[in-house]
Amino acid sequence: MTAGTAVRGSRARRFEPASYERKWRDRWEREGLYVARDDAAGEKHYLLTMYPYTSGDLHVGHWYAVTGPDIVARMRRMQGYNVMFPMGFDSFGLPAENAAIDRGIHPAVWTSTNIDRMRAQFRTTGCSFDWSRELASSDPGYYRWTQWIFLQLYRAGLAYRAAAAVDWCPKDQVVLAREQVLGTERRCWRCGTPVDKRDLEQWFFRITNYADELLSGVDGLDWPEPIKLMQRNWIGRSEGAEIDFPVTLPDGSNERIRVFTTRPDTVYGATFMVMAPEHPLVSVLTAPERRTDVEAYVSAARRQTEIERLSADREKSGVSIGAYATNPMTQEQIPIWIADYVLMGYGTGAIMAVPAHDERDYAFARRYDLPIRYVVLPRGGSPPEGEPFVQHTADEVLVESGEFTGMPASEAIGAISRQLADLGLGGPAVTYRLRDWLVSRQRYWGPPIPIVYCNEHGAQPVPESELPVQLPADVNFAPTGVSPLQSHAGFLRATCPVCGASARRETDTMDTFVDSAWYYLRYASPKNDTRAWEPEQVREWLPVDLYTGGAEHAVLHLLYGRFLTKALRDLGLLSFDEPWLRLRNQGQILGADHARMSKSRGNVQNPDDLTAAYGADTVRAFLMFIGPWDQGGPWSPTGIDGIHRWLGRVWDAALPATDGARDTPGDEDLLGTGDEMTRALRRATHVAIAGVTDDYEGFRFNTAIAKLMELTNAIVREREAGMAGSRGYAQAVDALLLLLAPVAPHIAEELWSRRGRPYSIHRQSWPIHDPGLAAATTIELPVQVDGKLRDRLVVTPDTPADEIERLALGSERVQAYLGGRPPARVIHVPGRLVNVVTPRH
RNA sequence: GGGCGAGUGGCGGAACGGCAGACGCGCCAGCCUUAGGAGCUGGUGUCGCAAGACGUGCGAGUUCGAAUCUCGCCUCGCCCACCA
């Protein structure tokens, strides 16, 4: 503060956020106030919010997502933690490539322009990000290590290549991305030809190896329960048995078809068998006279999307292949069918159909007139009419099941599994819904998979010393439907690391989820160019103590990161099991039309106008005040004036008579014990300290702000009572500013400075709550009669229970309801209420 | 179809099984102003002049006491959607 500003008087004393917000942000940035230091004192606290996709502009949803964790980060620093709160950009992905195709802007240019704009916009939020650790996943200095991780997984057998079905245009002879297949007729976006499925070699990560640990590890995480449940369901563990059904091939040799079932107790009711159309034994087993029908069905099934195939209420369809398998328990010959309701990707790709005890098998059997045999029934019960018996109660027994007849179904599951195992025809088994992670993308804007193909030596990993495999800049983005890398001669040219012969480079790039599966590790040592992360710094900072982001990442991203952590741990590269110990989801801010914000809907809310009009603090506080942070809701600026008025009242209450003149007492004792406050103010202050701290920790920012408003109102009342010059008043204002600093960092700093307090408020200690000072001197106790409020008692907190009950019964209102009779009961919850129960009750 | 949430004033929303509606918006009245879409003060769940009665989607139940717990139903949202 110069003398000049003070002389100019009233104008400089007005509440005008624009006059100071930028000033403080620049100073915090210049002085590195939020730069996390490896060697700083205090317990480490790694707070991370999901890095955003580089879509272009920040909207209110970004502000909303980021302000919550910023409040917690700021409080943690003031509480003495050594906080790391980094930010970066998820900058690979399809929209960048589409911008190149549609508008001729190179993805790298589009991306870096957007990053620059978003970084500048993030700065206007006043968030305390450590920008010295910024990263972008499309930076070669980053994706080099994404490729390195791929190689580690490859060497460990956790990355492998296998055929997988992709959409294929038979006319253009190209692979299509999901969104390039249009309409329910599934036509190529370029030529309109109906697309086909084609099996192509693709790269996978073997996440299924970790299915069990990913499932059990969920239990120990401090995550929202719905997210944990979604992870469990996604992994989808099923216990049951695998059972082999012997078949004789046309050439006379013997083969077995293995099925998975959760109901081995129903094996005696398996009257036919269904295989997925893609099952490898289908073509071998199909009888010559059935071949035409079978091939037609298989190719029709291939054309459908998974979604169509699995869509609900669709009538079951299938064809018989004219072959038979042996039910291993009944020794019956049962017909084999193929049907698209059996999925190649789950279990073994074949099922034993038990129409009596499965809805789907039942529907299929009815349609194709296949036998239905009930083998499990309630004890003494009879088969239901016109429906399968799928219910699992405690008291069911097997019928028509050979030696197992009469056995309770719950026992039979284990008994039959064991007998099958003894016979060498299967046994107990566990299956997961989770599939391996397909990481190949036939796209340009992603990290190239570091593999080359040699005619002699096949697929070979690129030596680590040659990383990164750089994306070439000079590529043609004409919309051919093929990855531009496939037509780039210089990129394709490679040498075999084994023999040195010329080789062809892999043109697939990696899914962007691979980038985001490890970025939280990179922040610990973001500048390191000799390794992906520095073990010592990872040991210091990881795992992440608190992770925040949208619930839309409940399964994919959050599962991939957990998988990668475990895989890298097993390679000896990390020493912890879970990357994110505590997770909190923010709700989604919808457009004013209650729909998800999107450019195409035109309902995207850009907060720049609001920020210009009210300042960043008001926008932050408003967003945090509108409701529970994890709930979100439709956007409406209604009520932002109320927040602005509140900050204006804080301004008026905290502004000293003369700026920076230290004419308010208390500077040597910022909060003190509050001894000199009036009772009411002291109590209000300590109640606020306790409540606001607790609310911030629990992500209840809306109620925290309500409590800050209440403290403000108490302070204003004090001022109206003429206490503004007192030490107690100054102490209360200081406490308010300290509690406010995480939500509204600029105004807190400005007022702190004008009050002559030492820079920076964001480096001060967090106020300590004193329960003794928060306690009330008198309490008002509701008195109920039969649960209805009838009177109130005003007593001191230490009034003995019998005295309170005597007072309650003595109340005129209570006596009126009792009508002279003695009460049937008196319920006294100390400190809460007294409830008098009348006799008739 | 299955799973998980959520239904509270005109609005956003508060409320360890214990005073329903904190805090704010809006609205009403008053004050101050040449003026105000500024500021300040007070009021504001519904019905009622009042005493009072009734009130947390609907219906039951548990309890001295239920927005909160249990069961059934209705509505909305999200997730998974033929997973054997």
Side-chain angles (χ1 to χ4, degrees), chain A residues 224-230 232-234 236-238 240-241 243 259-264 266 270 274 276 306-307 309-316 339-343 345-354 357-361 363-364 431-435 551-552 554-555 587-588 590 594 621-622 625-628 630-634 636-643 645-646 648-649 652 691 700 702-710 712-713 716 720 780-792 823-838 841:
Chain A
E225 279 306 322
I227 304 289
K228 291 166 76 165
L229 188 66
M230 281 163 74
R232 289 192 190 102
N233 291 343
W234 190 264
R237 180 186 156 101
S238 289
I243 305 177
V259 305
F260 173 78
T261 178
T262 53
R263 295 290 306 277
T266 64
V274 186
E306 191 108 324
I307 289 164
R309 245 176 93 162
L310 304 186
S311 69
D313 306 329
R314 200 166 143 266
E315 195 175 14
K316 301 264 175 301
D340 59 12
Y341 79 92
V342 174
L343 309 172
Y346 183 76
T348 61
I351 62 161
M352 64 175 202
V354 185
H357 303 289
D358 182 277
E359 299 274 6
R360 297 151 299 179
D361 298 343
F364 195 79
T431 263
Y432 297 91
R433 212 187 75 104
L434 183 69
R435 321 279 173 89
E552 65 273 20
V555 279
Q588 203 166 52
L590 304 171
H594 293 228
F622 173 64
F625 186 64
I626 53 179
D630 58 2
Q631 193 177 296
S636 162
T638 304
I640 194 168
D641 287 308
I643 291 287
R645 280 199 286 269
W646 165 53
R649 284 203 307 279
D652 291 340
R700 294 181 298 271
N702 57 330
T703 50
I705 289 171
K707 284 162 189 159
L708 291 171
M709 288 172 169
E710 286 180 286
T712 306
N713 293 342
V716 169
E720 317 257 293
E780 203 182 59
L781 221 52
V783 179
Q784 298 179 334
V785 177
D786 294 333
K788 288 186 196 275
L789 178 70
R790 298 303 180 190
D791 203 355
R792 295 164 200 279
R825 253 177 103 180
V826 176
I827 290 158
H828 178 204
V829 186
R832 304 297 312 202
L833 54 45
V834 180
N835 187 17
V836 178
V837 185
T838 59
H841 223 71

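To find a chain, count down the sequence lines: A is the first, B the second, and so on, and within it residues start at 1. Just so it is clear, the values below take in all heavy atoms, side chains as well, and ignore hydrogens, waters and symmetry mates.
- Distance noted for atom P between B:G57 and B:U8: 6 Å (whole Å).
- For A:R360 and B:A84, the shortest distance from a side-chain N or O to OP1 or OP2 is not below 4.0 Å.
- B:U75 and B:G24 have their P atoms separated by 38 Å, given to the nearest Å.
- In terms of the side chain to side chain donor-acceptor pair (under 3.5 Å) criterion, residue partners of A:T703 (sequence neighbours excluded) are, by chain and number, A:D695.
- Nucleic acid contact for A:I827: base, since at least one base atom lies under 4.0 Å from a heavy atom of the residue.
- Taking atom C1' on both nucleotides, B:C83 is separated from B:G72 by 31 Å, rounded to a whole Å.
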Steps toward side-chain contact (heavy atoms from CB on, under 4.5 Å) verdict (A:R825, A:N835): CA-CA 8 Å; A:R825 253 177 103 180; A:N835 187 17; over 6 Å; no

CA sep, side-chain torsions, deciding dist, call: A:V826, A:V837, side-chain contact (heavy atoms from CB on, under 4.5 Å): CA-CA 6 Å; A:V826 176; A:V837 185; over 6 Å; no

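- Taking only side-chain atoms of A:L789, from C-beta outward, the nucleotide of B:C19, B:C83, B:G13 with the closest atom is B:C19.
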Any protein N or O atoms within reach of nucleotides 75-80 of chain B? Criterion: under 3.5 Å, listing atom names and distances.
residue	atom	partner	partner atom	Å
B:C80	O3'	A:R433	NH1	3.2

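- Comparing the C1' positions of B:A6 and B:G61 gives an interatomic distance of 22 Å, to the nearest angstrom.
- Side chain of A:R792, nearest nucleotide from B:G18, B:C19, B:A84: B:C19.
- A distance-only check finds no donor-acceptor pair linking the side chain of A:R360 to the backbone of A:Y341 [under 3.5 Å].
- Taking the C1' atoms as reference points, B:U33 lies 42 Å from B:G55, given to the whole Å.
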Per-nucleotide protein contact string for nucleotides 51-56 of chain B (B base, S sugar-phosphate only, - none; heavy atom under 4.0 Å): -SS---

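- The salt bridge (charged side-chain N to carboxylate O under 4.0 Å, His left out) check on A:E225 picks up A:K228, with sequence neighbours excluded.
- Side-chain proximity of A:I626 to the nucleotides B:G12, B:G13, B:C83 is greatest for B:G12.
- Closest to the A:P628 side chain, of the nucleotides B:A84, B:A14, B:C83, is B:A14.
- Closest of all the heavy-atom pairs between A:R792 and A:L789 is NH2-CD2, 3.6 Å.
- Each of A:N835 and A:V829 was assigned the nucleotide of RNA chain B with the nearest heavy atom; the assignment lying further toward the 5' end belongs to A:V829.
- A:T431 comes within contact range of no nucleotide atom at all, as no heavy-atom separation falls under 4.0 Å.
- Taking atom C1' in both B:G30 and B:G13, the straight-line distance is 29 Å, to the nearest Å.
- Using a 4.0 Å heavy-atom criterion, one finds that A:L229 contacts the sugar-phosphate atoms exclusively.
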Intra- and interstrand pairs of RNA chain B - dot-bracket, Watson-Crick/G-U under 3.5 Å, | marks other strand: (((((((..(((.....[....)))((((((.......))))))(((....)))..(((((..]....))))))))))))....

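- Counting only heavy atoms from C-beta outward, the side chains of A:M352 and A:I243 approach each other to under 4.5 Å.
- Two residues, A:F260 and A:Q784, neighbour RNA chain B, and the one matched to the more 5' nucleotide by heavy-atom proximity is A:Q784.
- Separation of the P atoms belonging to B:A50 and B:C16 is 33 Å when rounded to the nearest angstrom.
- When the C1' atom is compared between B:G21 and B:C54, the two are found 15 Å apart, to the nearest whole Å.
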Protein N or O to nucleotides 22-27 of chain B N or O, pairs below 3.5 Å:
residue	atom	partner	partner atom	Å
B:A22	O2'	A:E710	OE2	3.4
B:G24	OP1	A:N713	ND2	3.2
B:C25	OP1	A:R645	NE	3.4
B:C25	OP1	A:R645	NH2	2.7
B:G26	OP2	A:R645	NH2	3.2

